[in-house]
Amino acid sequence: MTSVGVVAIWHGEEGWGVIESSDTPTGCWVHFSNLWTLNHPSLARGESIEIRGQGSDLQVGEIVDFEWERVPQDGYSFRAGDVRPRR
């Protein structure tokens with residue numbers, strides 16, 4: 001499922017946080033490894049890139065588009081997949 005949410009909690013030093021959305025009423029756990037990079041080269045069909053050491057952070061109050069699944073994670077009922085900040 002894809003939704004729009006707001007970052008409610010972000011522990012940058014630990015690399016995880018929580019996104020609030022009406023679609024994920026108990027909060028949606030997110031890990032920094034699921035953040036999309038903001039600046040990457042355009043790819044042609046069949047091309048791929050590997051991104052390492054991104055170190056992206058989210059900001060509390062930031063609006064994000066995110067995909068989620070109903071999988072318990074660290075006390076939350078939902079876990080985020082791809083997270084795209086709207087910066």
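The analysis underlying the following values was restricted to heavy atoms, covering all of them including side chains, and did not include hydrogens, waters or symmetry mates. Throughout, residue positions are numbered sequentially from 1 according to the sequence presented.
Of the residues V6, I9, V83, T24, the one that meets the side chain to side chain contact (heavy atoms under 4.5 Å, CB included) test with I19 is V83.
Judged as a side-chain contact (heavy atoms from CB on, under 4.5 Å), and not counting sequence neighbours, the contacts of E67 are T2, D82, R84. Every residue two or more places apart in sequence or in another chain that forms a side-chain contact (heavy atoms from CB on, under 4.5 Å) with R86 is listed here: V4, I63, D65. Residues satisfying the side-chain contact (heavy atoms from CB on, under 4.5 Å) criterion with V71, sequence neighbours excluded, are E69, R79. Take H11 and apply the side chain to side chain donor-acceptor pair (under 3.5 Å) test, not counting sequence neighbours, and it matches no residue. In this structure E14 satisfies the side chain to side chain donor-acceptor pair (under 3.5 Å) test together with W16, sequence neighbours excluded. Here S3 pairs with D23, W68 under the side chain to side chain donor-acceptor pair (under 3.5 Å) rule; sequence neighbours left out. By the salt bridge (charged side-chain N to carboxylate O under 4.0 Å, His left out) test, E20 is found to be paired with no residue, residues two or more places apart in sequence or in another chain being considered. Evaluation of the side chain to side chain donor-acceptor pair (under 3.5 Å) rule for E62 yields R87 as partners, not counting sequence neighbours.
Between A8 and V60, the shortest heavy-atom distance links the atoms O-CG1, 3.7 Å. Nearest heavy-atom pair across F78 and G27 is CD1-O, 3.6 Å. Shortest non-hydrogen contact noted between G12 and D57 is CA-OD1, 3.9 Å. Across V64 and P85, no two heavy atoms sit closer than the pair CG1-CA, 3.8 Å. Scanning both residues, G5 and F66, for their nearest heavy atoms gives N-CE2, 3.6 Å. When every heavy atom of H31 is checked against every heavy atom of S33, the shortest pair comes out as ND1-OG, 2.8 Å.
Neither W10 nor Y76 shares a network with the other; the hydrophobic side chains, linked directly or stepwise wherever heavy atoms of I, L, V, M, F, W or Y lie under 4.5 Å apart, form separate groups for each.
Note that OG of S21 is 9.5 Å distant from CE of M1, once rounded to the nearest 0.5 Å.
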